[in-house]
Amino acid sequence: MKVHVTRRPRIFVLLLVMMALAGCGQARTGADASATGTPPATASTTTTTAPHAPPVGYQPSGPERTRTTTLGYQVNTCVPVEHDPGTFTLTTADGVHLSALELGTGERGVLLAHEQGYNICSWLSLGEELAAAGYHVMLFEYRNHGASERATPNTHIDRDASAALAELHRRGADRVLIAGASCGGTSSAVVAATEPRLAGLLLLSSPAHCLGEDGETAVRSITRPSLFAVSPGDYSGNMIKEVRTLHAASAAGDKHLEIVPGGRHGTDMLRHNQPERLHQLVRDFIDSAFRQ
């Protein structure tokens, strides 16, 4: 299955500005705008366990990248039709409507938060794989991205992750591992710091501070297993400084910093430059976190 991960230029420019202010340097170059996912599992990975809220009418941020399912929910066109039964709409604490996707069922929950400038499909291949392995997976699209609603200014993105986490619990997940990439990881750390049933924290290429989110302070209170990964060439070598800051600040007794060769950013590290090692490391980390 080929999954397209489209970066929206306006949001990406905003990310660059915010990260520059945080000391993250200039943007990487030559990034691939598409991602090839792993083949879908032979068994269906989309299962619903409880009724979602009815569809809500709103204007998506990227109408050209949005389709409406037969049930009336708006979803990014990158999401395969086979997953339509798991699509739904989230509403955040400040009233923003988000496109979301549930894969699998059960008490072992995994929340996957994408990068700013990417979309809900950034983590889709891994989400399908985890659901097929028995995990209860929740993906969502941040405000101002794809099929989610536009909101000005582009702040309070932790509220998006919080809404997805609350829904994951409502639908049966007990312990939850929270994973995020880039600024999606920064906001994930903020949310993880408030989660009493946290199994672990996984961050890919996440700055210590982004869009008003303070990941550095958040990880100081997270003691659960934590995995940080970054490529040394990401953002001209500046991102590795950010991730090292988070790793050093982390209160986790079981924490690991993985340096991935090359200069790819976020979930792109799981798709390019011989990503097998990182993929296996992520899978092993998730499995191990739930055993602890």
Side-chain angles (χ1 to χ4, degrees), residues 5-28 31 33 56-66 74-76 89-100 111-123 138-167 178-194 203-219 234-235 238-239 242-243 245-246 265-267:
V5 180
T6 304
R7 301 169 177 80
R8 298 176 63 248
R10 186 180 67 82
I11 299 298
F12 191 56
V13 170
L14 175 60
L15 172 61
L16 297 185
V17 173
M18 296 302 297
M19 294 180 71
L21 292 176
C24 296
Q26 298 178 346
R28 59 192 177 0
V56 179
Y58 63 90
Q59 181 64 32
S61 301
E64 74 286 353
R65 294 288 297 166
T66 300
Q74 299 192 84
V75 65
N76 198 300
T89 302
L90 286 170
T91 303
T92 66
D94 55 341
V96 180
H97 299 110
L98 311 176
S99 178
L111 179 66
L112 300 174
H114 68 80
E115 306 91 329
Q116 290 286 293
Y118 290 53
N119 61 35
I120 195 171
C121 291
S122 290
W123 290 100
M138 184 73 68
L139 304 99
F140 66 98
E141 207 151 49
Y142 277 105
R143 62 186 66 197
N144 298 314
H145 289 72
S148 289
E149 190 172 19
R150 187 178 302 280
T152 303
N154 190 43
T155 55
H156 305 303
I157 63 173
D158 59 303
R159 296 174 182 175
D160 300 356
S162 291
L165 178 61
E167 181 68 5
I178 300 178
S182 192
C183 288
T186 312
S187 62
S188 291
V190 171
V191 172
T194 68
L203 302 181
L204 304 182
S205 310
S206 295
H209 304 85
C210 189
L211 298 176
E213 306 293 335
D214 186 353
E216 183 176 4
T217 296
V219 298
D234 191 5
Y235 280 88
N238 288 288
M239 186 57 70
E242 295 287 312
V243 177
T245 295
L246 288 178
H265 185 67
T267 54

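Keep in mind that what you see is a predicted model, and the values were worked out from it rather than measured.
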Evaluation steps, side chain to side chain contact (heavy atoms under 4.5 Å, CB included), between Val243 and Leu203: CA-CA 9 Å; Val243 177; Leu203 302 181; over 6 Å; no

Side chain to side chain contact (heavy atoms under 4.5 Å, CB included) between Val96 and Arg159, worked out: CA-CA 9 Å; Val96 180; Arg159 296 174 182 175; over 6 Å; no

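Ring-plane geometry between Tyr118 and His265 is classed as tilted, the angle between the planes lying from 30 to 60 degrees on a 0 to 90 degree scale. Using the six-membered ring where Trp is involved, Phe140 and His114 have ring planes that are tilted, between 30° and 60° apart.
With hydrogens and angles ignored, the 3.5 Å screen pairs a side-chain donor or acceptor of Ser206 with a backbone N or O of Ser182. Using a distance-only test at 3.5 Å, with no hydrogens or angles considered, no donor-acceptor pair links the side chain of Ser99 to the main chain of Ser148. Between the side chain of Ser61 and the backbone N or O of Arg150, at least one donor-acceptor pair lies under 3.5 Å. Glu149 contributes a side-chain N or O that, together with a main-chain N or O of His97, makes up a donor-acceptor pair within less than 3.5 Å. A donor-acceptor contact shorter than 3.5 Å links the side chain of Asn144 to the backbone of Ala151.
Residues that satisfy the side-chain hydrogen bond (donor to acceptor under 3.5 Å, both in side chains) test with Asp160, not counting sequence neighbours, are Arg143.
Residue pairs satisfying the salt bridge (Lys or Arg N to Asp or Glu O under 4.0 Å) criterion with at least one member in residues 180-192, sequence neighbours excluded, are absent.
With no hydrogens or angles considered, a side-chain donor-acceptor pair links Thr267 and Glu115 at under 3.5 Å.
To the nearest 0.5 angstrom, Glu242 atom CD is 8.0 Å from Thr186 atom OG1. Once rounded to the nearest 0.5 Å, the distance linking CG of Leu139 with CG of Leu111 reads 8.0 Å.
A 4.5 Å side-chain heavy-atom check between Glu141 and Asn119 finds at least one atom pair inside the cut-off.
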